[in-house]
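Below is one structure, written out as structure tokens; comments come after it.
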Amino acid sequence: MLGNFTYHNPTKLYFGKGSLDGLNEELPKYGKNVLLVYGGGSVKKNGIYDKVVAILKANGKSIYEDGGVMPNPTVEKLNEGIERARAAKADLILAVGGGSVCDYAKAVSVSVHCADDAWDKYFIRFDDVSCDVVPVGCVLTMVGTGSEMNGGAVITNHAQKLKIGHVFGDNVFPKFSILDPEFTYTLPKYQMISGIYDIMSHILEQYFSGTDDNTSDYIMEGLLRSLIHSANIAVDDPTDYEARSNIMWIATWALNTLVAKGKTTDWMVHMLGQAVAAHTDATHGMTLAAVTMPYYRYILPYGTAKFARYAVNVWDIDPDGKTEEQIALDGLIEMEKWMKKIGLIMNITELGASKAMLDGMVKSTLVMDGGYKVMTERDIRAVLEASF
Ligand code: NZQ
Ligand code: ZN
């Protein structure tokens with residue numbers, strides 16, 4: 001049964017070719033000082049940086065730069081960004097990049113006017129935001145995380161071997177996001193498919209939970225079918241606009257809070273993937289791909305009916321003459337074949353994990369209780385061992 005909920009998504013989206021023009025509509029709403037946040041340099045190579053700077057200048061903004069945000073942004077970089085935003089007296093933080101850059105901008109935005117240590121407050125204590133938030137806008141260049149339309153931010157603390165996400169409230173969602181599918185054409189294939197799998201995983205994390213009949217599950221089956229179809233096209237032709245725009249739009253809907261409303265969710269693939277990343281710094285979507293099959297095979301006996309529904313409705317498995325368990329398993333086999341076909345990394349060894357890291361990765365895995373089985377330490381160890 002659908003539980004009670006409040007739904008409000010405050011992010012305004014500008015979607016499609018030429019949507020960067022939307023910046024001209026948004027910038028006048030904010031003060032003069034803009035902290036321009038970007039990653040390791042892709043936006044300078046592909047020309048997006050120059051376009052953004054030209055629009056900022058045309059709107060009379062003072063630009064303060066904060067480049068070098070790394071994939072899986074670190075706590076040290078976050079603290080540096082907070083100082084930069086303070087020094088700039090930023091009226092707006094404009095993130096130009098992927099989920100890492102957009103997440104980082106949000107984490108800075110809730111910390112600028114806050115005296116507490118940002119890591120301890122948000123990522124250890126999970127405190128609510130209790131200080132003024134600097135508005136954030138996002139120009140997306142990498143598709144997958146959904147960060148462009150949600151209040152989440154994931155930060156990595158290498159010293160503590162923790163990679164942790166905090167889901168902030170409505171006031172931390174980007175005020176606006178610009179989604180031009182053509183901005184993603186320069187992504188290396190590794191990043192593109194990693195993003196595609198991140199999207200799939202977000203949907204599945206919310207799908208594989210509960211036994212009730214709710215509309216979200218039907219929406220998610222549709223999103224998954226469209227994702228698989230468009231991904232097959234994009235892998236062969238990365239500049240197919242229709243496929244890339246569909247993937248971009250699915251990513252946003254997969255994690256902008258809509259499909260989770262009124263239902264329970266799992267998120268253990270992400271908890272396992274983040275533990276792997278805390279020890280290897282591997283690419284987010286690949287860490288998810290590498291632990292997915294061992295995890296889903298492990299929990300399948302506890303949620304067989306849903307896995308069978310998934311097999312039939314998403315992977316077109318013919319249920320005739322098969323037990324529910326066989327249908328469910330056939331669905332996973334089909335999914336695994338597809339994951340390998342598009343080029344995902346299917347084990348954590350290739351991502352740099354070693355057996356010596358196993359104890360640490362088990363410790364770094366947070367446990368969520370919305371899935372088909374609440375994982376014990378032993379369960380987590382078994383899944384991670386099967387992921388090497
Ligand atoms: O740093 P640059 O040089 O810009 O290169 C980036 C980076 O190396 C490159 N890239 C991005 N756009 C490009 C491009 N290269 C060429 N052309 C372009 N147009 O791609 C690399 C990866 O970028 P990154 O931002 O790290 O990827 P992604 O969007 O996957 O973000 C990953 C981060 O988001 C977090 C992850 O944990 C990870 O830290 N997540 C955030 C979530 C959220 N806010 O809700 C949920 C997700 O589950 C995820 O955990
Ligand atoms: Zn993810």
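Note that ligands are numbered from 1 as they come in the structure, with each ligand's atoms numbered from 1 the same way. Throughout, numbering of the chain's residues begins at 1 and tracks the sequence.
Inside a sphere of radius 2.8 Å centred on the Zn ion (ligand 2), the protein N/O/S atoms present are D198 OD1, H202 NE2, H270 NE2, H284 NE2.
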Residues K12, E26; criterion salt bridge (Lys or Arg N to Asp or Glu O under 4.0 Å); working and verdict: CA-CA 10 Å; K12 182 167 177 181; E26 291 301 317; 3.8 Å; yes
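Atom CD of E385 has more than 12 heavy atoms from other residues, nucleotides or ligands within 6.0 Å.
A side chain to side chain contact (heavy atoms under 4.5 Å, CB included) with I55 holds for exactly one of N59, V52, V53; it is N59.
Using 4.0 Å as the threshold, G41 has a heavy atom nearer than that to some atom of ligand 1. Contact annotation: K45 has no heavy atom less than 4.0 Å from any atom of ligand 1. Every heavy atom of M70 sits 4.0 Å or more from the atoms of ligand 1.
By the criterion of a heavy-atom distance under 4.0 Å, neither the backbone nor the side chain of V43 is placed next to ligand 1. Residue contacts with ligand 1 for T141 involve both N, CA, C or O and side-chain atoms from C-beta outward (heavy atoms, distance under 4.0 Å). When non-hydrogen atoms are compared, ligand 1 lies under 4.0 Å from the side chain of D103 (C-beta onward) but not from its backbone. At a heavy-atom cutoff of 4.0 Å, ligand 1 is contacted by the side chain of D198 but not by its backbone.
Residue-to-ligand polar distances place F183 within reach of ligand 1: an N/O pair is separated by less than 3.5 Å. Geometrically, ligand 1 and G39 share no nitrogen or oxygen pair separated by less than 3.5 Å. In terms of polar-atom proximity, V154 is not counted as a contact of ligand 1, lacking any N or O under 3.5 Å from an N or O of the ligand.
Taking the six-membered ring for Trp and thresholds of 30 and 60 degrees, H270 and W267 have ring planes more than 60 degrees apart, a perpendicular arrangement.
The salt bridge (Lys or Arg N to Asp or Glu O under 4.0 Å) search around D217 returns K263, K306, not counting sequence neighbours.
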